[in-house]
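The block underneath contains the structure these notes are about, expressed in structure tokens.
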Number of protein chains: 2
Amino acid sequence: MTTSTELAPPAPAPLLGIGRAARECAVSERALRYYQQLGLITPSGRTPGGLRRYSEEDLGRVRRIRELQTLLGLNLDEIRVVLDNDDRLAKVRQEYRSTRTGAARRRELLEECLAIHQATAATIDAKLAGLKRFRAEVDGSLERVRGLLAELDSRAGLVSR
Amino acid sequence: MTTSTELAPPAPAPLLGIGRAARECAVSERALRYYQQLGLITPSGRTPGGLRRYSEEDLGRVRRIRELQTLLGLNLDEIRVVLDNDDRLAKVRQEYRSTRTGAARRRELLEECLAIHQATAATIDAKLAGLKRFRAEVDGSLERVRGLLAELDSRAGLVSR
DNA sequence: TCGGACTCTGACGTCAACGTCAGAGTATTG
DNA sequence: CAATACTCTGACGTTGACGTCAGAGTCCGA
């Protein structure tokens, strides 16, 4: 007789307890519960006894939250919007893939994706522009200083000759 | 007899009250007092009665604070460090310009500037790298969607023919 | 089946970055 | 020189994003 693992499709998807999950995402257990409280994530399972079990996808979502916090400086309210967009995109993808979705509807769905992604891109570009300006300023200073140093070098060369 | 304004060097530098200053920088009066309390800024003047007077340079400093908050996501403690660097750079520039500063000392000063600017650049580049990665992801999605849309268009063209 | 490790749900605490308000003083304008 | 607008210094309040702790329950390997 074959074992059940031989019959299982690809992998059994090992759900993690909150402790492992937290370490994996470099956040606290409290943070995970807090995010859940705000409706940002929901562990994809619970044990019969009520312990949270996180899937790899859940972890991705958590990592996403942290990125949005640290990179874009969004607060959890704004992040909720982004995650809602993510969910919407997933649903759209699903419907798009369905064989009984006609071309017209598909176009609609694609347009929606386009709009969402463009909005995201705009948000990022705004931050990016500010940062680049910032960086350019520093680079200017850097070049000026380098120029002066080079000048000093050449002058020293002349004098020592 | 000539008026005093005719004798004044270039401009009388119109110091602003805290209300104007706050509006000008798009922050609250409370924030200005708070920043001062933390030692981040000091209004360059006070009226005889004790009212704060802000110079244009002061405003620049405040705007800098806001930029560092919103663009780099620094907290006020970290911002203090940056502002200290700014002050140090100003002092260095001053000494550099002095006629009684020798070439060797000038090189030292320039090296110091270089180090400071490079550190700043590194900080910015870190954030920038993250953001660019982020942006690239979105751009990837965007391209995929555009590709699918184009495909849909061409197919529609064929069918209608 | 039992002991140690892990997790649960409240509930209160904390910290940064201000918001707000009172009561008193200051500047300005007609 | 009075009315009006602004500003001062405390001091307490608020908000977001968790930290921390207690008391109880759950899981798992020996």
Side-chain angles (χ1 to χ4, degrees), chain A residues 12-55 58-59 61-84, chain B residues 12-55 58-59 61-84:
Chain A
L15 300 187
L16 303 182
I18 196 172
R20 276 297 303 275
R23 253 167 299 160
E24 214 75 22
C25 301
V27 303
S28 68
E29 305 181 9
R30 177 62 168 105
L32 290 182
R33 297 198 192 95
Y34 183 56
Y35 297 156
Q36 179 178 356
Q37 194 175 327
L38 296 190
L40 300 183
I41 51 168
T42 309
S44 20
R46 293 256 188 171
T47 66
L51 303 197
R52 281 164 251 254
R53 295 284 108 136
Y54 294 86
S55 72
D58 295 337
L59 301 194
R61 212 173 157 90
V62 174
R63 295 196 194 94
R64 188 93 208 272
I65 294 176
R66 301 297 294 170
E67 270 193 343
L68 291 168
Q69 280 185 318
T70 63
L71 286 181
L72 289 187
L74 303 184
N75 64 36
L76 296 181
D77 253 41
E78 297 163 330
I79 289 177
R80 189 206 317 281
V81 176
V82 177
L83 292 179
D84 284 353
Chain B
L15 300 187
L16 303 181
I18 195 173
R20 276 298 303 276
R23 254 167 300 161
E24 214 74 22
C25 302
V27 303
S28 67
E29 305 179 10
R30 178 64 168 102
L32 290 181
R33 298 198 192 95
Y34 183 56
Y35 296 157
Q36 179 178 354
Q37 193 176 326
L38 297 191
L40 299 183
I41 51 168
T42 310
S44 22
R46 293 259 187 169
T47 66
L51 303 196
R52 280 164 253 251
R53 294 285 108 137
Y54 294 86
S55 71
D58 294 337
L59 301 193
R61 213 172 156 89
V62 174
R63 294 197 194 94
R64 188 93 208 273
I65 293 175
R66 300 297 294 171
E67 270 193 342
L68 292 168
Q69 281 186 318
T70 63
L71 287 180
L72 288 187
L74 303 184
N75 63 36
L76 296 181
D77 253 40
E78 297 164 330
I79 289 177
R80 189 207 316 283
V81 176
V82 176
L83 292 179
D84 284 353

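Sequence lines set the chain letters: A, B, ... in the order given, protein chains first and strands last, and positions in each chain run from 1.
Between A:Gln36 atom CD and C:dC8 atom P the separation is 8 Å, expressed in whole Å. Atom CG in B:Leu32 sits about 11 Å away from atom P in D:dT7, given to the nearest Å. Distance, B:Leu16 CG to C:dT28 P: 13 Å, rounded to whole Å. Straight-line distance from the CD atom of A:Glu29 to the P atom of D:dA22: 16 Å, rounded to whole Å. Look at CD on B:Gln37: it is 11 Å from C1' on C:dA17, rounded to the nearest Å. A straight line from CZ of B:Arg20 to C1' of C:dT28 spans 15 Å, rounded to a whole angstrom. The interatomic distance linking A:Ile18 (CD1) with D:dG25 (C1') rounds to 15 Å, in whole Å. If you measure from atom CD of B:Glu78 to atom C1' of C:dC15, you get 14 Å, rounded to the nearest angstrom.
Residue pairs meeting the salt bridge (charged side-chain N to carboxylate O under 4.0 Å, His left out) criterion with at least one partner in residues 40-49 of chain A, sequence neighbours excluded, do not occur; the list is empty.
Residues that satisfy the side-chain contact (heavy atoms from CB on, under 4.5 Å) test with B:Leu51, not counting sequence neighbours, are B:Thr47, B:Arg53. Under the side-chain hydrogen bond (donor to acceptor under 3.5 Å, both in side chains) criterion, B:Ser44 pairs with B:Ser55, B:Asp58, not counting sequence neighbours. Looking at residues two or more places apart in sequence or on another chain, you find a salt bridge (Lys or Arg N to Asp or Glu O under 4.0 Å) between B:Arg63 and B:Glu56.
No side-chain heavy atom of A:Leu72 sits less than 4.5 Å from a side-chain heavy atom of A:Glu78.
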Can you name the atoms? Protein N/O to nucleotides 26-30 of chain D N/O, anything below 3.5 Å, with the distance.
from, atom 1, to, atom 2, distance (Å)
D:dC27, OP1, A:Thr47, OG1, 2.8
D:dC27, OP1, A:Gly49, N, 2.8

Which atom pairs link the protein and nucleotides 16-18 of chain D when you take only N or O atoms and keep those under 3.5 Å?
from, atom 1, to, atom 2, distance (Å)
D:dA17, OP1, A:Leu76, N, 3.1
D:dC18, OP2, A:Tyr35, OH, 3.0
D:dC18, OP2, A:Gln69, NE2, 2.7

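A side-chain contact (heavy atoms from CB on, under 4.5 Å) with B:Tyr54 holds for exactly one of B:Ile18, B:Leu15, B:Thr42; it is B:Ile18.
In this model, no donor atom of one side chain and acceptor atom of the other lie less than 3.5 Å apart for A:Arg33 and A:Gln36.
The shortest heavy-atom contact between A:Ser28 and A:Ala31 is OG-N, 2.9 Å. Nearest heavy atoms, B:Ile79 versus B:Ile65: CD1-O, 3.6 Å.
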